[in-house]
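For reference, the structure is listed below as C-alpha cells.
Sequence lines set the chain letters: A, B, ... in the order given, protein chains first and strands last, and positions in each chain run from 1.
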There are 4 protein chains.
Amino acid sequence: MIVLDYQDRRPIYEQIAEKLQVLINKDILEVNTQMPSVRKLAMDLSINPNTIQRAYALLESKGYIYPIKGRGNFVSPKKDFINEEKEQFFKNLKAQLQQGIDIGIPLSEVLARTERIYKEETS
Amino acid sequence: MIVLDYQDRRPIYEQIAEKLQVLINKDILEVNTQMPSVRKLAMDLSINPNTIQRAYALLESKGYIYPIKGRGNFVSPKKDFINEEKEQFFKNLKAQLQQGIDIGIPLSEVLARTERIYKEETS
Amino acid sequence: MIVLDYQDRRPIYEQIAEKLQVLINKDILEVNTQMPSVRKLAMDLSINPNTIQRAYALLESKGYIYPIKGRGNFVSPKKDFINEEKEQFFKNLKAQLQQGIDIGIPLSEVLARTERIYKEETS
Amino acid sequence: MIVLDYQDRRPIYEQIAEKLQVLINKDILEVNTQMPSVRKLAMDLSINPNTIQRAYALLESKGYIYPIKGRGNFVSPKKDFINEEKEQFFKNLKAQLQQGIDIGIPLSEVLARTERIYKEETS
DNA sequence: GTGGTCTAGACCACG
DNA sequence: GTGGTCTAGACCACC
C-alpha cells in the first residue's frame with residue numbers, strides 16, 4: 001500500500017505522513033475509524049516504530065488524526081478536503097516548476113507542454 | 001545578489017549552486033567569462049570558502065562551469081546537457097500533472113497558477 | 001584491503017572511490033548490501049571522515065551507491081550507466097590505439113602488453 | 001600548432017612539454033635548431049611566460065633540449081627516438097586500461113575490441 | 001593571486 | 001548508531 005522512496009530527500013516519517021494523508025483525503029481511511037497501530041505499521045513497512053510515531057505526531061499536529069489514550073489513533077472528521085489536496089498539489093507543482101526555472105525553460109514552453117499533457121491524459 | 005535561506009531544507013552549497021546556475025542560464029554570467037573567485041564570493045556571502053568550493057564543484061559536475069588551475073572558474077559553453085535536464089523535467093512535470101488530473105483540477109486553473117508561479121519566481 | 005598512494009597525483013578521495021568502485025564491479029561488495037560506515041572506514045584507513053564522505057558522494061553521483069538516512073550507504077543495483085561508461089571507454093581506447101598505429105606498433109605487441117597490464121593491475 | 005586542454009588534469013606546463021617532445025621526436029623541431037623563445041611561445045599561446053619556462057625546464061631535465069646562455073634553448077641530439085615514443089604510448093595505454101579495469105570490463109572484451117579497432121584502422 | 005585537498009571538530013536530522 | 005553539512009585553518013600546485 002505504502003511505498004517508501006529512500007532516494008527521496010524528504011525524511012521517511014514525512015513520506016509516510018503524506019501517504020496516509022492522501023488515504024484519509026480519499027476516504028480509504030474513513031473518519032473516526034482507527035488508524036493502523038504504530039507497531040503493526042512499523043512491522044508492515046519493516047522500519048523503526050519511532051519513525052511511525054513521528055509520522056503520526058505530524059498528522060496529529062496537522063489535525064488529520066487524533067489519539068485516544070490506551071486505544072490508538074483515529075481519523076479526524078475533516079473540514080476542507082478538496083482544498084487540502086489542491087493546496088498540496090500546487091505546492092508540489094511549484095517545487096517542480098522551480099526546477100524548470102532553474103534550467104531556464106521559458107514559461108511559454110511549460111504552458112504549451114502542460115496543455116498537451118492534459119489533453120493526452122484526459123482524452 | 002544571492003540571498004541564502006538558512007531555513008531552507010536544501011544545503012547552502014546547493015542553494016548557491018542553483019542561484020548561480022540561473023544566472024548562467026540567463027546569460028548574466030556570460031559564457032567563458034570568469035566566475036567570482038571562491039574566496040571573494042565566500043567573503044561577500046560571509047560563509048566558509050569550502051562551502052563555495054562545494055557549490056562550484058557541483059556546478060562543474062553538472063557541466064555549467066570549468067576550472068582553470070591558478071586562474072579561476074569559468075562559465076562553460078552551453079551544450080546538450082541542458083536538453084537532458086529538460087527531458088527529465090518534463091517527465092517529472094507529467095507525473096505531477098497526472099495527480100492534478102486525478103483530483104479533477106481543470107487545465108485552466110493549472111495554467112493560470114503556472115503562470116503566476118513563474119512570474120513570482122523569476123521576478 | 002585499500003591501500004592509499006600519497007604520491008599519486010589523484011586525490012585520496014578519488015583513489016578510495018575508484019577502489020570501492022572496482023570492488024562493487026567485482027561483486028565483492030554485493031548489490032543492496034551495506035557499505036562500510038563513513039566513520040569506520042575513516043578509522044580503518046586512518047584518515048579524516050570527511051575524505052571518506054567525499055569518496056562516497058562521488059560514488060553516489062556516479063550511481064554506484066545510494067544512502068539511506070540514519071542507516072548507511074548501500075550498493076546500487078547495476079544499471080545502464082555502466083554501458084555509458086563503457087562506450088566512453090572504448091571511444092578513448094580507439095583514439096589511444098590510433099596513436100599506436102601511427103607510430104607503427106604491431107597489433108601483437110599491443111595485445112601482449114594489454115594482457116600484461118590487465119594481469120598486473122587486477123591481481 | 002599546440003592546443004591546450006584546460007580540462008586536462010595535468011598542469012599546462014606538462015602538456016606543453018609533452019607536445020614539444022612529440023614535435024622533437026617527429027623531427028618537426030630539428031636537432032640543434034633553436035626552440036621558440038620563451039616569450040614568443042608565451043605570447044602565441046597567450047599564457048604566462050613562467051609556464052613556458054617550467055615546460056622548458058622539464059624538457060631540459062629529460063634531455064630533450066639544452067640551453068645556451070644569452071642565446072636560447074636548442075634541440076638536443078637524440079638517442080632513442082622510437083623507444084621514447086613507444087614508452088609514452090604504453091604509459092598512456094596503461095592509464096587508459098586502468099579505467100576499463102575500474103568499470104569492470106573483462107580482458108577478453110578489451111582484447112577483442114583492440115583487435116577490431118586495429119583491423120578497421122589499418123585496412 | 002587562483003582552485004583543490006585535507007584535517008579537526010562541531011552540529012544536525014534521521015532511525 | 002548513521003550520513004550530511006558547515007566552519008576554521010592549513011597546505012599544495014599552478015599561473
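- Atom P of nucleotide dT5(F) and atom CD1 of Ile52(B) are separated by 15 Å, given to the nearest angstrom.
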Practice prompt. Heavy atoms under 4.0 Å is the rule here; annotate nucleotides 9-15 of chain F 5' to 3' with B where the base is hit, S where only the sugar-phosphate is, and - elsewhere.
Written response: B----BS
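- Summarising the geometry, the separation between CG on Asn73(C) and P on dG1(F) is reported as 17 Å, rounded to the nearest angstrom.
- When the P atom of dT2(F) is taken as reference, atom OH of Tyr56(C) falls 11 Å away, rounded to whole Å.
- The nearest heavy atom of DNA chain E to Ser37(B) and to Ser46(C) marks one nucleotide each, and the one closer to the 5' end goes with Ser37(B).
- Taking atom CG on Leu58(B) and atom C1' on dG4(F), their separation rounds to 14 Å, with Å as the unit.
- Across the protein-nucleic acid pair, Leu45(C) atom CG and dC6(E) atom P stand 12 Å apart, rounded to whole Å.
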Practice prompt. For salt bridge (charged side-chain N to carboxylate O under 4.0 Å, His left out), just list the numbers for Glu18(A) and Arg10(A), CA-CA rounded to whole Å, side-chain angles, deciding distance to a tenth of an Å, and then say yes or no.
Written response: CA-CA 11 Å; Glu18(A) 191 244 318; Arg10(A) 292 176 315 166; 3.5 Å; yes
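- Lys19(A) NZ: more than 12 foreign heavy atoms inside a 6.0 Å radius.
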Worksheet item: What would the secondary structure line of DNA chain F be in dot-bracket form, counting Watson-Crick and G-U wobble pairs under 3.5 Å, with [ ] for pairs that cross earlier ones and | for pairs with another strand?
Response: ||||||||||||||.
Worksheet entry | Step-by-step side chain to side chain donor-acceptor pair (under 3.5 Å) determination, Asn92(D) to Gln96(D) | CA-CA 6 Å; Asn92(D) 293 342; Gln96(D) 187 59 41; over 6 Å; no
Practice prompt. May I have the step-by-step check of side chain to side chain donor-acceptor pair (under 3.5 Å) for Glu87(B) and Asn83(B), ending in yes or no?
Written response: CA-CA 6 Å; Glu87(B) 206 174 312; Asn83(B) 281 330; over 6 Å; no
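- Across the protein-nucleic acid pair, Tyr66(C) atom OH and dT2(F) atom P stand 17 Å apart, rounded to whole Å.
- Ion pairing of Asp27(B) with Lys78(B) is present here, as a side-chain N (NZ or NE/NH1/NH2) and a carboxylate O approach within less than 4.0 Å.
- As rounded to whole Å, 10 Å separates atom P of dT2(F) from atom NZ of Lys40(C).
- Contact annotation: Gln53(B) does not reach the phosphate of dG3(E) (side-chain N/O to OP1 or OP2, under 4.0 Å).
- The distance from atom CE of Met43(C) to atom P of dA8(E) is 13 Å, rounded to the nearest whole Å.
- In this structure, Thr51(D) OG1 and Tyr13(D) OH are separated by 10.0 Å, a value rounded to the nearest 0.5 Å.
- Classification of Arg54(C) and Glu14(C) as a salt-bridged pair fails, no side-chain N sitting under 4.0 Å from a carboxylate O.
- Formation of a donor-acceptor pair under 3.5 Å by the Thr33(D) side chain with backbone atoms of Glu30(D) is found in this model.
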Distance-only check: which donor-acceptor pairs under 3.5 Å involve side-chain atoms of residues 59-68 of chain B, not counting sequence neighbours?
| unit_1 | atom_1 | unit_2 | atom_2 | d |
| --- | --- | --- | --- | --- |
| Ser61(B) | OG | Leu58(B) | O | 2.8 |
| Lys62(B) | NZ | Gln21(B) | OE1 | 3.3 |
| Tyr64(B) | OH | Gln21(B) | NE2 | 3.3 |
| Tyr64(B) | OH | Glu85(B) | OE2 | 3.0 |
| Tyr66(B) | OH | Asn32(B) | OD1 | 2.8 |

